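Both ligands and their constituent atoms are indexed starting at 1 by order of listing. Because the structure is a prediction, the values reported are computed rather than measured. Just so it is clear, the values below take in all heavy atoms, side chains as well, and ignore hydrogens, waters and symmetry mates.
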Amino acid sequence: MKAIEIRNKYLNFFERNGHKVIPSASLIPENDPSVLFTTAGMQPLIPYLMGEKHPEGTRLTDYQKCVRTVDIEDVGDNRHLTFFEMLGNWSLGDYFKEEAIQMSYDFLTKELQIPVEKLSVTVFAGDEDAPRDTISAECWKKAGIPENRIYYFGKDNNWWIAGNEGPCGPDTEMFYDTGKPACSDHCDPSCDCGKYVEIWNNVFMEFFKSADGTYTKLKQHNVDTGLGLERMAMLLQGKKTPYEIELFAPIMDKLKELAKTDDIQSRRIVAEHLRSSMMIICDGGRPSNIDRGYILRRLIRRMTRHMRKLGIDLNEISNLVDININNLKEMYPELENNRETIKNVLIEEKNKFMKTLENGEKEFNKAVERARREGKNKIDGETVFNLYETYGFPQEITVELAEENGVELELDKFDELYKAHQEMSRLGAEQKFKGGLAEQNEQTTAYHTATHLLHQALRTVLGDHVRQNGSNITTERLRFDFTHPQKVTPEELKKVEDMVNEQIKRDLKVTCEEMTLDEARASGAIGLFEHKYGDRVKVYTIGDFSKEICGGPHVEHTGDMGRFVIKKEEASSSGVRRIKAVLVKE
Ligand code: SER
């Protein structure tokens, strides 16, 4: 069964079971600068898991584009992917364990026709935070899984939380038996010998874990499920790696044809990173030296490096993009509209990387000369690390050059410096994730409302051509991009600022109504990204001043938001201006 058929079967099945289909959110989290990419279906839904009302109701099903980058260096083996699609069904305070488990069972055994003998499940064993999940075990038994294939495990295996803080709970995971012989008498689904492959996870999200480690009950119990599409396609097609399924096959074949050396690992890396980069660029990501831009840069550079290793002409990038778009556009129609942008970004970054390599090589040669002058035949670890850190020069290439030049490298020291650097990045990323969840707080809520006030004030002062082009909120400031052909004058900015402050002073009531998209348009509500919303939307009204389609949350009254101050107005891109503003508490 092809991946797209699995996706369609899934959505249809859950639709028949009362769920509304919601489209994938962007890979680049909106209004949330603190997570790098959407890593799970639950991320765009966090406000609704926390109790905010979703306009489409309490039963949803989705297909979410995800990027997980902790494993970049593992890509090339037979299972890690940085980009994947996660299918999910969601109960927002609606059904719970029994119904969720019955539906999972029915989908696997009836829709996908997986023989029940192939299935094992795991449930939470219980500890001081939450009881042993005998309910889920009973539900599985009732559905048809024999007791000897129901396993109990602790938090390590059967508890799901994104990061350290946030909505969480015990989960039950479903495993597919690949038919490989057991690696030992103790082989069970927690073993990673490859016999058991996890195919689906149902999280029973009823707790919130705070940063200090305490658990409290959420306002409502939720079900969050995640089924990895590529992996399921691989198993159903009887393949051993995701690179053999139809989503990868054409690009893998082409790479084989173009390559001068037979290196399956490099081919996988090129295929995987190409697809990931294309999806990220398509959703607006651009390479840079920080955060998500840096991840994208690494993906493109690693891909380029392995193309070189395979002896593939780098001018082939454009053809490879075409092959992938042809193959993937049925699943991701957005790729077609972004074909040129994707090519341009990839090629420009490839060119920058080639320049980096040139500069790095010069630096390397200087280091060799320096070492020789000092009568040494070894380049010290700091220099190797500096080449990596400052010149972006990949270690493998340093190793290659060292071999060519007959010099040694102080790699122990390099490893030490590299590990310390990795640890710093990891801590940084964790910090960011925490920030992502802390986002749902009072300060960001106020910024959210301020963004609506600013949007309307800009339209009133500058004209109705002003449309939101992007927005980004932290606890410290808001950033708002909008269409406007020229610089906003200081007088205009002052008018906008005054107008927002006037609305805050008026202590306007903020109300929310649900309606269809057409009703929302007819009511005069503004709001971008309409395509993102389903049929029913929420419209937030701020007194008589603003009406905008939005998912929320917002303050109830504008009175306590603080004083609105515009800090900066600048060009964002052609025809798009950017305003940064803060709320000052007095
Ligand atoms: N949040 C869970 C996961 O990512 C289930 O969707 O696995």
Side-chain angles (χ1 to χ4, degrees), residues 6-7 10-11 13-14 19 21-25 27 29 32 35-50 54 59-71 79-97 99-101 103-105 107-108 121-124 130 133 136 153 155-176 189-190 192 196-209 218 220-232 235 429-430 433-434 436-437:
I6 301 174
R7 183 208 268 177
Y10 190 98
L11 300 176
F13 174 80
F14 283 100
H19 295 64
V21 179
I22 53 168
S24 178
L27 276 175
D32 189 348
V35 268
L36 295 182
F37 294 104
T38 302
T39 59
M42 56 89 67
Q43 235 150 23
L45 292 169
I46 288 177
Y48 311 105
L49 294 165
M50 302 286 288
H54 194 286
R59 289 175 174 229
L60 311 174
T61 181
D62 69 351
Y63 49 103
Q64 178 61 49
K65 300 181 266 193
C66 300
V67 163
R68 290 189 183 175
T69 53
V70 275
D71 306 321
R79 59 198 178 98
H80 285 93
L81 297 177
T82 57
F83 172 85
F84 64 99
E85 180 168 312
M86 191 186 270
L87 303 177
N89 55 287
W90 306 84
S91 155
L92 303 169
D94 194 305
Y95 59 84
F96 208 41
K97 295 178 180 176
E99 213 175 326
I101 288 174
M103 285 190 288
S104 288
Y105 182 85
F107 182 70
L108 293 175
V121 299
T122 63
V123 296
F124 183 54
D133 195 1
S136 290
F153 294 117
K155 272 219 178 67
D156 282 355
N157 291 299
N158 284 91
W159 189 271
W160 205 89
I161 182 164
N164 293 324
E165 185 188 7
C168 59
D171 68 23
T172 178
E173 298 183 359
M174 288 146 260
F175 287 80
Y176 180 93
S190 68
D192 58 10
Y196 297 98
V197 180
E198 186 200 330
I199 49 175
W200 199 354
N201 185 6
N202 280 7
V203 186
F204 301 117
M205 250 174 202
E206 41 174 345
F207 299 97
F208 184 88
K209 186 183 177 199
L218 286 176
Q220 65 191 30
H221 64 220
N222 307 291
V223 178
D224 150 16
T225 93
L227 181 155
L229 181 59
E230 288 80 355
R231 186 179 290 177
M232 184 59 94
L235 293 169
E430 260 173 25
F433 199 90
K434 266 205 228 148
L437 295 170

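- With sequence neighbours left out, the side chain to side chain donor-acceptor pair (under 3.5 Å) criterion links N89 to Y10, Y95, T225.
- When each of F153, F207, F204 is paired with W159, the ring pair (Phe, Tyr, Trp, His ring centres under 6.0 Å) condition holds for F207 and for no other.
- Checking side-chain atoms of E206 against main-chain N and O of P170 turns up no donor-acceptor pair under 3.5 Å.
- Between F13 and F107, the ring-plane angle classifies as tilted under the 30° and 60° cut-offs.
- Distance alone, capped at 3.5 Å, places no donor-acceptor pair between the Q64 side chain and the A40 backbone.
- Protein residues lining ligand 1, listed by chain and number: A40, M42, R68, M86, W160, N201, V203, D224, T225, G226 [non-hydrogen atoms, distance under 4.0 Å].
- Within a 6.0 Å sphere centred on CZ of R59, other residues, nucleotides and ligands contribute more than 12 heavy atoms.
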